[in-house]
Asks: 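First the structure, which I've put down as structure tokens, then a few questions once you've had a look.
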There are 4 protein chains.
Amino acid sequence: MSPRSKKQFNKIRHNRKMAIAKAAMELFAENGFDSVSISKIAEAAGVSKGLLYNYYANKEALVKEIVIDGINKMMVDLGTNFSGEMTKARLIDIIDSNIEQLKNNTRYWKIYTSVLTQPKVIELVKKEMFEIIGPFLISVSDYYRKAGVKRPMAQSYLLGSILDGMSLDFFIAPDEYPLNEVRDIIVEKLL
Amino acid sequence: MSPRSKKQFNKIRHNRKMAIAKAAMELFAENGFDSVSISKIAEAAGVSKGLLYNYYANKEALVKEIVIDGINKMMVDLGTNFSGEMTKARLIDIIDSNIEQLKNNTRYWKIYTSVLTQPKVIELVKKEMFEIIGPFLISVSDYYRKAGVKRPMAQSYLLGSILDGMSLDFFIAPDEYPLNEVRDIIVEKLL
Amino acid sequence: MSPRSKKQFNKIRHNRKMAIAKAAMELFAENGFDSVSISKIAEAAGVSKGLLYNYYANKEALVKEIVIDGINKMMVDLGTNFSGEMTKARLIDIIDSNIEQLKNNTRYWKIYTSVLTQPKVIELVKKEMFEIIGPFLISVSDYYRKAGVKRPMAQSYLLGSILDGMSLDFFIAPDEYPLNEVRDIIVEKLL
Amino acid sequence: MSPRSKKQFNKIRHNRKMAIAKAAMELFAENGFDSVSISKIAEAAGVSKGLLYNYYANKEALVKEIVIDGINKMMVDLGTNFSGEMTKARLIDIIDSNIEQLKNNTRYWKIYTSVLTQPKVIELVKKEMFEIIGPFLISVSDYYRKAGVKRPMAQSYLLGSILDGMSLDFFIAPDEYPLNEVRDIIVEKLL
DNA sequence: TATGAATGAGGCTTCATTCAT
DNA sequence: AATGAATGAAGCCTCATTCAT
């Protein structure tokens, strides 16, 4: 039927979508959701404005899909799916990858924290975000419980907040923030 | 013009400015900087658009002034100007007021975390923010040093990040976040 | 308070609104709802695009208000408010003014028939239209009943349909349509 | 290529065209010309956008061809090609089929009145329409002349207008319009 | 013949800002 | 000091049409 096969079309679609997502993500991270126009994204992706709507229904769907993909990717990058048992070593690993990511993979983290704080965007992503973060909180809380710590779930929340706050402050003043020392304190006092 | 009437004038000016600032702040907190139009602010403040520009040069100046005033106010509300010596009791006090504010004054806090993490706004406010937060970090770091803690400045940064991260996560899920228990852990393990 | 008085503002508003409505009406009548852009209307009215939204919430509200005003005006122009009793003389008068309007006041009638047949627009105006046309149908039906005619309401509907169909066909071929002769037949056979 | 396969080819072409025309017609009837996109038509017809342009040069050609075909079909459905002599029985038949169509085949009729009254479309179809409607007017006028009626051509126009107006009003309020009674009046007083 | 990716113009709408009064 | 009419740029989005395959 079609001179271009389904497979070919799928490949084209996938590549284009990735290009758009990448451009959008970087712009969102750098400038925030509202400050980035569809025009700018299309231009950065080397694509016409119209085509963008071939791949994403609208600007909200675009940011939603990108953010959720980004969070998923982060979780994978943090080297954990939280299915196995959590151990001290794995927790340290997670914190260290987190810090490594902050330093080397600024992009994903910046959009994550940026998005976490934009009222309009958060509503779009809240539900999916909890489905991803929930298991992490539970897994860590299990670890604390086994370690005999009081209030294991609160500890788990605290650890999450620390990672969030750390990212936030690091991005505000990356040159001054004592990332490594802060990490050592966390490991010493909170695991 | 008599001094008396001039005083009245200034008072009127001040009140009007406050009315505008309050309206703007609440709208920003609820909707984010970009989603709030000058028209809406003027309307909420009971003032004409034109008059608003009589008090603030433009939308950026408006948010800048509001945010900086807000940070100053927060510092005062936290009961400290950091000039005197920092003690454990005062630190606990600060943390407790912080938490109290989060619970009771959600709206105001929401805007600061929200606005402060919007890339466009951050640039406007960065400089002033550090002039305010710097002394806090130093004061807390002094406390840790005197308490004989290793890496006092990093401890200070960590404490700041914890408060930031806690606010952030609390605003995302106010009903589930175990604010009090997290507070207890902080006091136990990090002061 | 305001250097321009409320009255002055109202006058400005009224004049501008009329200018926009007039331009829009002519364009809609000539080209149909969908083919007329806000840009074109604004240009024809000698007004910026933005200002148009100061007076009408959106394109739908614009056409709705214009059409309803137009129908009201037509009714008035037809010299009747249907409150008094309907007589043969008055009916003839109505038909004659109708024809006169078709010939001389093309604008209103064209938009009326044009709008009557545009699915998207009709939904916007249906309710209000019936509130205007209903009394006409009833009034005419009363006339027929008193005249002892069978099926007075159907007669009333038929008369309405004739006027509609006549307008429709006249606008399609104004030069050939035998308006006056058709009128005579109506008067002879249907009143 | 054998004649056989060529025939099949043509049949496929014809079927495809019909499928497209049918889909387009229904969409136009429901939504109006401008509100229906080529994409939607293609989708509804189960055909790619590209292929659609293989059958119709552009959107205007599409609507033009559909409308003209439709008018021709209507004439056939009305049971007349106006070549033979017009009689009272045939006229009644025409009116009755017309009404039957209005009731049972609403969709198709709706598009013709809708599309035919859209200024943009009318221009496209005017010429062809008169070639079809002209003979009807003449044929009916002949009937009236033979029946000894004054102004036979005006009577013919009037009858056409009545059918048009009746359709128009019926589509606006199908549930209330007294189609059958109106028909009786027409037959009684105007044939 | 058939597909759907791709374009670019143009549509509707919002909004910060200016300015006459 | 105060108003709100007015502007124009820019934002989001749609769509007829083209074209490589």
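Keep in mind that the numbers below use all heavy atoms, side chains included, and drop hydrogens, waters and symmetry copies.
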Asks: Compare all side-chain heavy atoms of B/Val63 with those of B/Val125 and state whether any distance is below 4.5 angstrom.
Replies: no

Asks: Which parts of residues 57-68 of chain B get close to DNA chain E, meaning a heavy atom less than 4.0 angstrom away?
Replies: B/Asn58, B/Lys59

Asks: Scan B/Tyr55 against the nucleic acid and name what it touches under 4.0 Å (heavy atoms): base, sugar-phosphate only, or nothing.
Replies: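 Sugar-phosphate contact only - B/Tyr55 comes under 4.0 Å of backbone atoms but never of a base.
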
Asks: Rounded to whole angstroms, how far apart are OH on C/Tyr56 and P on F/dA6?
Replies: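 Rounded to the whole Å, the gap is 13 Å.
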
Asks: If only side-chain N and O atoms of C/Tyr53 are considered, is one of them under 4.0 Å from the OP1 or OP2 phosphate oxygen of E/dT14?
Replies: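 Answer no for this pair, as no side-chain N or O of C/Tyr53 is under 4.0 Å from OP1 or OP2.
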
Asks: Can you tell me how far CG of A/Asn10 sits from CZ of A/Arg13, rounded to the nearest 0.5 angstrom?
Replies: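 The CZ atom of A/Arg13 sits 8.0 Å away from the CG atom of A/Asn10.
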
Asks: Tell me: NZ of C/Lys11 to C1' of E/dT21, nearest whole Å?
Replies: 14 Å

Asks: Can you sort out the partners of D/Lys11 under salt bridge (charged side-chain N to carboxylate O under 4.0 Å, His left out), two or more places apart, ordered by chain and number?
Replies: none

Asks: Please find the pair of heavy atoms, one from A/Ala21 and one from A/Tyr56, that lie closest to each other, and give the distance.
Replies: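 That closest heavy-atom pairing would be CB-OH, 3.6 Å.
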
Asks: From C-beta outward on C/Leu51, which listed nucleotide comes closest to its side chain: E/dG8, F/dA5, E/dT21?
Replies: F/dA5

Asks: Which pair of heavy atoms, one from B/Ile172 and one from A/Lys126, lies closest together, and at what distance?
Replies: O-CE, 3.0 Å

Asks: Taking CG from A/Leu27 and C1' from F/dG11, how many angstroms apart are they, rounded to a whole number?
Replies: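 Taking CG of A/Leu27 and C1' of F/dG11, I get 15 Å after rounding.
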
Asks: With a 3.5 Å cut-off and sequence neighbours excluded, list the donor-acceptor pairs that the side chains of residues 37-48 of chain B form with protein atoms.
Replies:
from: B/Ser37; atom 1: OG; to: B/Lys40; atom 2: N; distance (Å): 3.1
from: B/Ser48; atom 1: OG; to: B/Leu51; atom 2: N; distance (Å): 3.2

Asks: Round to a whole Å and report the spacing from CG of A/Asn10 to C1' of E/dA5.
Replies: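 Atom-to-atom, A/Asn10 to E/dA5, this comes out as 13 Å.
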
Asks: In sequence, state the C-alpha distance, the side-chain angles, and the governing distance for C/Asp69 and C/Met25, and then conclude on side-chain contact (heavy atoms from CB on, under 4.5 Å).
Replies: CA-CA 10 Å; C/Asp69 282 1; C/Met25 188 164 51; over 6 Å; no

Asks: Which atom names give the shortest non-hydrogen contact between C/Leu124 and C/Lys64, and what distance separates them?
Replies: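 Between these two residues, the closest heavy atoms are O-CE, 3.3 Å.
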
Asks: Rounded to the nearest 0.5 Å, what separates atom CD1 in C/Ile20 from atom CG in C/Asn15?
Replies: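 Rounded to the nearest 0.5 Å, the CD1-CG separation comes to 11.0 Å.
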
Asks: List the atom pairs, donor and acceptor, that lie under 3.5 Å between side-chain atoms in residues 26-36 of chain A and the rest of the protein, sequence neighbours left out.
Replies:
from: A/Glu26; atom 1: OE2; to: A/Arg107; atom 2: NE; distance (Å): 2.9
from: A/Glu26; atom 1: OE2; to: A/Arg107; atom 2: NH2; distance (Å): 3.2
from: A/Asn31; atom 1: ND2; to: A/Leu27; atom 2: O; distance (Å): 2.9
from: A/Asp34; atom 1: OD1; to: A/Lys120; atom 2: NZ; distance (Å): 2.7
from: A/Ser35; atom 1: OG; to: A/Asn31; atom 2: O; distance (Å): 3.4
from: A/Ser35; atom 1: OG; to: B/Lys120; atom 2: NZ; distance (Å): 3.3

Asks: Without decimals, in angstroms, what is the distance between C/Arg4 CZ and F/dG4 C1'?
Replies: 8 Å

Asks: Determine whether A/Arg16 and A/Asn54 make a side-chain contact, defined as any pair of heavy atoms from C-beta on separated by less than 4.5 Å.
Replies: no

Asks: Closer than 4.0 Å, any side-chain N/O of A/Arg13 to the OP1 or OP2 of E/dA5?
Replies: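 Result: yes.
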
Asks: Quick check on contacts: within residues 31-46 of chain B, what sits under 4.0 Å from DNA chain F by heavy-atom distance?
Replies: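 None, since no heavy atom is under 4.0 Å.
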
Asks: Rounding to a whole Å, what distance do you find between C/Leu52:CG and F/dA6:P?
Replies: 11 Å

Asks: Side chain of C/Lys49, heavy atoms from C-beta onward: which of E/dT13, E/dG4, E/dT17 has the nearest atom to it?
Replies: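 Among the listed nucleotides, the one closest to the side chain of C/Lys49 is E/dT13.
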
Asks: Give a yes or no on whether a donor-acceptor pair under 3.5 Å exists between the nucleobase atoms of E/dA6, that is its base, and the side chain of A/Arg16.
Replies: no

Asks: As an exercise, state the distance from NZ of A/Lys17 to CG of A/Leu62, rounded to the nearest 0.5 Å.
Replies: 9.5 Å

Asks: Once you apply a heavy-atom cut-off of 4.0 Å, does A/Ile12 come out as touching a base, just sugar-phosphate, or nothing?
Replies: sugar-phosphate

Asks: I need the CD1-C1' distance between A/Ile20 and E/dA5, as an integer number of Å.
Replies: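 From A/Ile20 CD1 to E/dA5 C1': 11 Å.
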
Asks: Which dot-bracket string fits DNA chain F when only Watson-Crick or G-U wobble pairs with both atom distances under 3.5 Å count, crossing pairs get [ ], and | stands for a partner on a different strand?
Replies: .||||||||||||||||||||

